[in-house]
Protein chains: 2
Amino acid sequence: MKTPAQRGRGTRGLTRDEVLDATLALAEDRGLDAVSMRAVADRLGVTPMALYRYVGDKQGLLDGLVERLLREMPDDDPALPWQDRLRAFGTGIREIARRHPDLFLLLFMRPSVTPEARRPRNAVQSMLRDAGVPEEIVQPLQRLLDTIGMGLAASEANGRFTGPSEEIDAVYALAEDLLLTAIERYARS
Amino acid sequence: MKTPAQRGRGTRGLTRDEVLDATLALAEDRGLDAVSMRAVADRLGVTPMALYRYVGDKQGLLDGLVERLLREMPDDDPALPWQDRLRAFGTGIREIARRHPDLFLLLFMRPSVTPEARRPRNAVQSMLRDAGVPEEIVQPLQRLLDTIGMGLAASEANGRFTGPSEEIDAVYALAEDLLLTAIERYARS
DNA sequence: ACCTGAACACCGTTCAAGT
DNA sequence: ACCTGAACACCGTTCAAGT
């Protein structure tokens with residue numbers, strides 16, 4: 001099936017953003033397994049080797065996808081009560097998982113140590129401090145919170161949570177209850 | 001590099017277990033990326049197509065690996081206090097992640113709906129019931145507990161948790177505290 | 001029933017070359 | 001600086017054939 005191939009993109013200046021846009025689009029309508037250097041290059045009307053300048057290699061391409069996913073996290077609003085900010089964090093991560101079910105699993109495959117990964121992490125730490133959590137447990141609690149949020153979203157995305165969606169909502173509600181209670185308890189002490 | 005190839009395995013009867021043993025061994029000393037139908041077949045001195053009878057396809061091979069991982073979970077001992085059983089569950093899952101850092105990530109890629117996956121799930125539900133948790137929240141709490149255990153172990157395995165191991169221990173300790181407290185609270189009500 | 005052999009349609013990446 | 005073309009060493013899987 002040799003596609004018509006959208007040739008002649010006029011300007012030959014490719015950008016990293018264009019490459020990642022094409023990758024995301026490809027992943028969205030043909031699945032993560034269909035993401036290959038060659039397929040992405042095809043979509044851009046370019047040779048596979050042209051991508052290497054912008055993403056390094058295949059792993060770099062996937063890391064770029066993770067970066068994009070994290071960028072979809074809503075901004076933290078420090079003016080709100082910390083309880084609302086915590087809930088916004090949860091629904092934000094859940095919506096990303098629902099938008100990109102199989103891409104989301106990449107978040108567990110790579111450390112995601114990019115600067116973009118620091119934004120949600122800092123947001124969580126800031127809301128914990130505002131809640132009054134003592135400094136020595138801010139980091140472990142933030143890590144636990146991140147893990148729970150990502151873990152629940154990933155479980156929903158990969159189909160580990162079967163059954164009606166109310167049953168899945170119940171797990172999120174339980175997590176929220178657990179975390180709010182624990183934070184209040186640590187803040188008091 | 002054409003290896004000598006261990007030919008003549010005498011009996012030509014291959015088994016699913018042998019296939020998975022070879023896969024696990026390959027993954028262990030050359031990484032998950034090195035796991036291919038062809039490489040596994042080579043290790044068994046057999047043609048790639050011979051594997052299809054036992055594992056279906058590549059995805060089936062990986063699902064078999066997940067099954068093997070879950071089988072490493074220690075048996076639940078219903079005679080112990082539920083708090084100890086909960087801790088055993090946590091350390092069990094953590095040890096698997098440390099033994100097979102990159103294999104562990106497979107647990108988030110596939111639903112793992114095999115019968116072997118039901119064993120740890122049932123163990124957790126049984127300890128929650130013994131703790132006195134009301135029936136309607138046994139399932140959501142079990143799911144949350146599984147997710148936290150697997151999420152923490154995966155985070156450690158993929159390098160998302162950096163820093164000294166005491167910092168990682170602190171996250172596990174916090175999770176344990178949260179869960180024990182919550183279970184007691186739900187059991188009372 | 002169980003395994004082989006050849007073939008098909010793909011991969012990621014290197015390297016040298018073009019402009 | 002940015003991109004191409006050809007080549008290398010791989011993939012998973014189908015299909016027909018062997019025993």
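What you see is a predicted model; the values in this text were computed from it and never measured. Convention: sequence-line order gives letters A, B, ...; per-chain numbering from 1.
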Determine the Euclidean distance between corresponding [atom1] atoms of [M] and [N]; express it in Å to zero decimal places.
N      : M      : atom1 : value
C:dA1  : D:dA17 : C1'   : 15 Å
C:dC10 : D:dC8  : C1'   : 15 Å
D:dA7  : C:dC11 : C1'   : 14 Å

What is the distance, rounded to the nearest whole Å, between atom [atom1] of [X] and atom [atom2] of [N]?
X     : N      : atom1 : atom2 : result
A:D42 : C:dC10 : CG    : P     : 10 Å
A:M37 : C:dC11 : CE    : P     : 12 Å
B:K58 : D:dC10 : NZ    : P     : 15 Å
A:Y52 : C:dA16 : OH    : C1'   : 16 Å
A:D33 : C:dG12 : CG    : P     : 12 Å
B:L61 : D:dC11 : CG    : C1'   : 14 Å
B:R38 : C:dG5  : CZ    : P     : 13 Å
A:L14 : D:dA1  : CG    : P     : 17 Å

Using heavy-atom distances to pick each residue's nearest nucleotide on DNA chain D, tell me which of A:M49 and B:A34 is more 5'.
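This one resolves to A:M49.
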
D:dC3, OP1 or OP2 - any side-chain N/O from A:Y54 closer than 4.0 Å?
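So the side chain of A:Y54 is within the cut-off, an N or O lying under 4.0 Å from OP1 or OP2 of D:dC3.
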
What nucleic acid atoms does A:T47 come within less than 4.0 Å of, heavy atoms only: base, sugar-phosphate, or nothing?
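It contacts base atoms.
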
Candidate pair B:M109 and A:M109, rule side chain to side chain contact (heavy atoms under 4.5 Å, CB included), full reasoning:
CA-CA 9 Å; B:M109 305 296 294; A:M109 304 296 296; 3.7 Å; yes

Closest non-hydrogen atom pair between A:D130 and A:P78, with its separation:
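Answer, listing the atom of A:D130 first, then A:P78: OD2-O, 4.5 Å.
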
Side chains of A:D177 and B:Y186, heavy atoms from C-beta outward: is any pair under 4.5 Å?
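Yes. Closest side-chain heavy atoms under 4.5 Å.
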
Measure from the side-chain heavy atoms of A:V46 and tell me the nearest of C:dT13, D:dC11, D:dT4.
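Among the listed nucleotides, the one closest to the side chain of A:V46 is D:dT4.
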
Compare the minimum distances between each of D:dC2, D:dG12, C:dC3 and the side chain of A:R53, then state the nucleotide with the smallest one.
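When the side chain of A:R53 is considered, D:dC2 is the closest of D:dC2, D:dG12, C:dC3.
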
How far apart are the C-alpha atoms of B:S126 and B:R85, what are their side-chain angles, what is the distance that settles it, and do they pass the side chain to side chain donor-acceptor pair (under 3.5 Å) test?
CA-CA 10 Å; B:S126 134; B:R85 292 160 70 193; 2.7 Å; yes

Using Watson-Crick or G-U wobble pairs with both distances under 3.5 Å, give me DNA chain C in dot-bracket, 5' to 3', with [ ] for crossers and | for pairs to another strand.
||.|||||...|||||.||

Is A:R143 salt-bridged to A:D146, cutoff N-O under 4.0 Å?
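Between A:D146 and A:R143 there is no salt bridge, as every charged N stays at least 4.0 Å from the carboxylate O atoms.
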
Under 4.0 Å between a side-chain nitrogen and a carboxylate oxygen: does that hold for B:D76 and B:R119?
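Looking at B:R119 together with B:D76, the answer is no, because their closest N to O distance does not fall below 4.0 Å.
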
With a 3.5 Å distance limit and no angle check, can you tell me whether A:Y54 reaches the backbone of A:L14 through a side-chain donor-acceptor pair?
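Checked: pair present.
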
